Amino acid sequence: MRCTRPSRPVPRSSETPTLAKLLAERDGPGRGLISVCAAGGQGVAAILERP
């Protein structure tokens, strides 16, 4: 897997777009990872992909 830096600066929390919106704005395919960590060892991860 290849790690890349974001092509634009990271937005402030009041301007944070959703991953789906970022993928929709891209030209061509893309993938994104959402990871949520909670106390007590609970957590979930999801991969969104735009073909």
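Please read these numbers as outputs of a predicted model, since none were measured by experiment.
Shown here for Pro29 and Pro51, the closest heavy-atom pair between the two residues is CB-C, 3.9 Å.
Every pair passing salt bridge (charged side-chain N to carboxylate O under 4.0 Å, His left out) that includes a residue from residues 39-51 is listed here, sequence neighbours excluded: Arg31-Glu49.
Here Leu48 contributes atom CG and Leu23 contributes atom CG; the two are 6.5 Å apart, rounded to the nearest 0.5 Å.
Summarising the local packing, CG of Leu33 is surrounded by more than 12 heavy atoms from other residues, nucleotides or ligands at distances under 6.0 Å.
Note on Val36: it does not cluster hydrophobically with Ile47, by side-chain heavy-atom contacts below 4.5 Å among ILVMFWY residues.
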